[in-house]
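As a basis for the values below, the full set of heavy atoms in this structure was taken, side chains included, without hydrogen atoms, waters or symmetry mates. In what follows, chains are A, B, ... by sequence order, proteins preceding strands, each numbered from 1.
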Amino acid sequence: DQQVKQNSPSLSVQEGRISILNCDYTNSMFDYFLWYKKYPAEGPTFLISISSIKDKNEDGRFTVFLNKSAKHLSLHIVPSQPGDSAVYFCAASAEYNFNKFYFGSGTKLNVKP
Amino acid sequence: GAGVSQTPSNKVTEKGKYVELRCDPISGHTALYWYRQSLGQGPEFLIYFQGTGAADDSGLPNDRFFAVRPEGSVSTLKIQRTERGDSAMYLCASSEGRDGELFFGEGSRLTVL
């Protein structure tokens with residue numbers, strides 16, 4: 001039973017344009033969400049997080065939006081750069097079990113020069 | 001080193017053999033996690049340590065899997081009587097606490113022939 005879903009396995013975007021990566025979850029108890037980026041042959045690296053008390057968190061070119069009623073979050077990258085090409089995972093955890101993170105299956109982003 | 005270190009990076013073994021995978025977390029991180037990632041999937045939680053004790057081992061798939069962290073630093077994931085279905089990337093991560101992101105190692109790729 002996959003509690004965090006990333007329904008788009010891949011996304012291709014032109015350099016300079018916006019990349020939007022989506023993530024849906026089913027557990028209404030999730031209250032902390034993270035995005036990770038993974039390059040080939042490397043472990044995932046933390047990108048940005050958001051807690052359920054917010055609906056937006058911004059860090060440079062990266063913004064995460066959270067829609068609790070829809071159980072949906074998205075990661076916006078603007079402007080996209082070729083170095084952003086990687087697999088992006090969203091992850092979620094709940095306060096009652098905060099050290100157990102559930103990951104989506106990832107979206108492979110390709111930013112074309 | 002500064003990051004999470006995992007050894008071996010690659011392990012090929014035969015069905016039925018015993019395997020140990022090692023994780024050296026970031027110095028000072030009290031929390032340590034093991035995740036497993038199969039091809040095309042996101043990381044799947046196995047076990048979480050806080051200090052020396054396994055605070056949550058609910059993700060271990062069966063009793064062939066066991067993990068230890070005897071001195072609260074290095075951890076070893078042990079798999080007995082390996083099966084072909086155990087083939088995956090085994091990721092270790094450490095963190096300072098709940099709102100600190102997980103820092104992942106590069107993983108140990110296990111192949112069971």
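- The number of heavy atoms from other shown groups lying within 6.0 Å of NZ (A:K100) is above 12.
- For A:A91, no part lies near chain B; criterion is any non-hydrogen pair under 4.5 Å.
- The aromatic ring centroids of A:Y102 and A:F30 lie less than 6.0 Å from each other.
- Residue A:K38 touches chain B through its side chain alone, counting heavy-atom pairs closer than 4.5 Å.
- When the candidates B:G42, B:G107, B:G105, B:A55 are compared by the number of heavy-atom contacts under 4.5 Å with chain A, B:G42 comes out ahead.
- Ring centers of B:Y35 and B:F45: under 6.0 Å apart, within the cut-off.
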Legend entry - From CA spacing to verdict: side chain to side chain contact (heavy atoms under 4.5 Å, CB included), A:S12, A:K112: CA-CA 7 Å; A:S12 188; A:K112 297 177 287 187; 3.2 Å; yes

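- Centroid-to-centroid, the aromatic rings of A:H76 and A:F65 come within less than 6.0 Å.
- Between A:F46 and B:F104, the distance from one ring center to the other does not fall under 6.0 angstrom.
- When the heavy atoms of residues 57-89 of chain B are compared with those of chain A, the residues falling under 4.5 Å are B:S58, listed by number.
- When heavy atoms are compared at a cutoff of 4.5 Å, B:Q37 approaches chain A solely by way of its side chain, counted from C-beta outward.
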Inset, instruction - Report the C-alpha separation of A:S8 and A:T107 in whole Å, then their side-chain angles, then the decisive distance to 0.1 Å, and conclude whether the side-chain hydrogen bond (donor to acceptor under 3.5 Å, both in side chains) test is met. - result: CA-CA 6 Å; A:S8 297; A:T107 297; 5.6 Å; no

Inset, instruction - Could you walk me through whether A:D84 and A:R61 pass salt bridge (Lys or Arg N to Asp or Glu O under 4.0 Å), step by step? - result: CA-CA 11 Å; A:D84 296 330; A:R61 297 185 297 114; 2.8 Å; yes

